[in-house]
Structure formats: C-alpha cells, structure tokens
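All values derive from a computational prediction rather than experimental measurement. Within every chain, numbering begins at 1; the chains are lettered A, B, ... in the order of the sequence lines, protein sequences first and strands thereafter.
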2 protein chains.
Amino acid sequence: MSAPLTPSQLRARVRSGEHTGNTSGYCEGFVQANVAILPKDWAAEFLQFCQLNPKPCPIVGMAAQPGDTNIEGIGPDFDIRTDVPSYRLWKNGELTGEVNDISDIWTEDLVTFLIGCSFSFEEALLADGLEIRNLSEGRNVPMYNTNLACRPAGRFHGNMVVSMRPFKPVDAIRMIQICSRFPSVHGAPVHFGDPAAIGIADINQVDYGDSVTINDGEYPVFTACGVTPQAAIMAAKPPFCITHSPGCMVVTDLPNSRLAIL
Amino acid sequence: MSAPLTPSQLRARVRSGEHTGNTSGYCEGFVQANVAILPKDWAAEFLQFCQLNPKPCPIVGMAAQPGDTNIEGIGPDFDIRTDVPSYRLWKNGELTGEVNDISDIWTEDLVTFLIGCSFSFEEALLADGLEIRNLSEGRNVPMYNTNLACRPAGRFHGNMVVSMRPFKPVDAIRMIQICSRFPSVHGAPVHFGDPAAIGIADINQVDYGDSVTINDGEYPVFTACGVTPQAAIMAAKPPFCITHSPGCMVVTDLPNSRLAIL
C-alpha cells in the first residue's frame, strides 16, 4: 500500500487533470473547503452575509485581493483556477456548465471564498468512536431547507440549510461538545428532535443528499450546512459566479486540528 | 439595601445560630457544596466511589486527615462542625435526627467530603439568559432515580439520580455547552428526551424535589445529581454518618467561575 497523498500531492494531481472526482476520503486530517467565486462588486456583500451567519457560512480562507489565485495558508502551490477537481459555472443563478479548469475564464475581477465543510468535524466524531450514519450507510449526508432565516446582507438572503445526523441522546451530547470545538466548520448543532420545529415537513424527504436510517431511541441532530451560502448565491442571482461541484472540494494544507478552538 | 453577605459572613451567621435555613440565593457567585461525613473506615471506599462516578459525585473538597474540621480552600474560618445550617444524622442508613451543630458529636474518626452542587452551573445558565423552569416556578428541581448504574466501589453502589430541566433544543444545546465547562458540578447532561430510556416511568412522578411544567417543543434534559452519593451512602448503611439537610449547603469561598475549566 502506498503512502496516502499529501494535500500538495493531491492538488498536483487535480491540477494535471489526473484527479477530477470527489475528494471525500482523501488527505485525512486536512481541512477541505467549499468554494464560492464572485465578481468583485458582489464580494463585499457576500463577505458581510458570511460574517452575519457564521454557523452556516464559516470562512476558512478568502483571497486578499480580487484576481488573487492563491490564498494565504491554504498551500504555497495553491491555485484556485486549477486545484478544484470540478467547477460549476453559474449565470444569473442558473447552472450553465461544469468544467475541470477555469484558467481560460479567470478574470482579475473575481474574488475567491473558501468556506468550512463538515468533513473536519466528522473526522473528530469518528475519532471519538461515534457512528456517522451517512458514512456507515455509504450515502451523502441528508440536507434540508429550514425556516431558520439567515441575517440578510445586501442582495444575499435566505433560510439556513442544515445537514442531519441521527444519534442517541448520550452520543448527541458528546457530538455537541466535539462540534462546539470547531466553530469554523459549522460549530454546535442548531437543533435536535422534532423536524417540524425548524420547518422540515418530512425527515424522509431530503432537499439535498440522501436520507438515512433513524433508529429507535435516536434523535435527528441538525447542523448548519455549507449549502446555505450556495443557496443564497443562487437566490441573489449574480450575473456570473463559480462554485465547486458537490463533493469536489479544495483540499488545503490546514490540519483539521488547527480549526479546533480548544 | 444592605450589601450581600460574603461567604465568610454567612458562615459566621450559621455558626452563631442566626441562620439555620437553606442557602439557596445567598452569596451569589460562590460555590455551595453537598456534605457527606463518614467514619474513617468507610472513607476510602467512598472516595473511590466518587472517583469512579465523577459526574454524580464531583468532589470539590475533602478533609486532608480524619478529624480535620477545616478544608483547604473552602475558607480560612470554615469549621464543618458548625458551618452547615442543618445536619442530618444517620445510623445504619436510617435518619435518626436533624441538628444545627455537630460539635458535641464530632470525633477524630470522621472524614468530611464536599460534593459539587447544581447551583454553580444554574448561575452560569441564568447569566447566559436561559430560563431554569424550577426557579421560575419557585420549586425544587425535579429529581429521579434512573436505571443508569454507578460503578461500584466496595460497599458503595447504586443507580444514578438525575435532576431534570426542560429546554427547547436550541437552549438545550447552549446548556450542554455551558455545563460542559463545569465538570466539578456534574458537567454535561447525561440524557435528554425520552425518560423511559433511562428508567423513568413517569416524568410527572418525581422521586425527590418537585415536578415542573414541560411546554410544547421542550425536551427534558437530565443531569447527574448530587443526591446520587447520598443514595449510595443510605444503601451502604454505614453505622454512622452525617449529611447536610436538603438545601442547607456549605457556602464556600470558591468563586463559581473557578470551577469552569474554560
């Protein structure tokens, strides 16, 4: 068995076109991030939206200047134009294409945001011996639209999207403790128990991802989700923007443990 | 309005017989403790029981030697023989009397234990803006026997006793975070939701204290309770022991904030 890839090695493979798929399971121990790339005249409002809604929109990296292709701390070789396995292109809130490289469409007008993702805290939960149902069932995490309003900022607004993981109460309490240590990857859950209390009509009808089994004695535990900022962008309909394709994240040099506040 | 009493001033009033009632609401900001006084040949096993069951039996002070009447850190003037407003005397597990001073029955054979109490974390919850139902309804906290077995130590054994406070999920999550900072006053809850899952047949039938209202959308949240070690002592039936009377605690010089690990 060969040694696992370092983040820099994986990024090199992505850059060369050798790796074009999802990044789940790669580079254990390192932060993976959601991507949002917006025109400069939308960036300030988006930054404010993230600042006002840190649980669903935790910023783990942001380009220092419009046009910058590297982000301090993500990796010396990091280039946002080539290092995401798959990009989605959007015009006026509509998906217009999916590509593996954005070098030819990059402009000095674009501002890159990297937003925390649940992979970081899931790793900490697994290390503590907790079962994560979507992983043990080999599915995507179930995600739902809610009636929990985000605080609006300029043209960005919308409700929070949440992910759900079922736990027995004793494990949910431990999960809350562990996730509280990771505020920059969504932090503590926002709700547990009755789905209707946050506007979810049917726990078996997901809005994104897959549904998972909830056993007797377990409660659904709901965590703010990084799909929230994407949903807000789609609703704001900027003339042009770029995101990662689902599951195809930026793999960074940041150790997950560095996101733990304690 | 006169200045609130310091712990030392309250202890002086208790010592002089001026204050003989409960200590709830006195000396805000300072740790109050449960009392257990056992003969020397029972003390080592009781200490082990507390060590094995730190959530229900968190030791905040212990006499350095049998017969010691002061405990390091509790207060320079502290005297266990006179500074508890009301004591309960027990023989072979049976209550035999209630007194305000144990000076005349004190022996060099007795070992004092002070055990953390929920007042400390309740203060932190109130300061954070959470409602504590038993306080807002002017009742004692509801407490229940459970089927959660303590780890036995010598002659000490039994199931955990828990206190219950109802919260909406978002407040329960915050409560779990705050209580996690206070491991020496029972720490994070041990359960929430279905009472039957921990052996409580009817949430409206308390085993100690009073029942409280649980509103729609709220879940009962269960915390390990300092009644647990008392129940274990009663079950072990030492030939003689002394406890505080319910609500009549030792008021210490320890700031509650010093019990917070973070």
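Using a 4.5 Å cut-off between heavy atoms, A:I173 touches chain B through backbone and side chain atoms alike. Heavy-atom distances place the side chain of A:L262, and not its backbone, under 4.5 Å from chain B.
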Donor-acceptor pairs between chain A and chain B under 3.5 Å, which ones?
| from | atom 1 | to | atom 2 | distance (Å) |
| --- | --- | --- | --- | --- |
| A:Q177 | NE2 | B:S180 | OG | 2.7 |
| A:S180 | OG | B:Q177 | NE2 | 2.8 |
| A:D194 | N | B:Y219 | OH | 2.7 |
| A:Y219 | OH | B:D194 | N | 2.8 |

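When side chains are defined from C-beta on, B:V190 does not count as touching A:V170, because their heavy atoms never get closer than 4.5 Å.
Of the listed residues (A:A172, A:G217, A:A197, A:P189), the greatest number of heavy-atom pairs within a distance under 4.5 Å of chain B belongs to A:P189.
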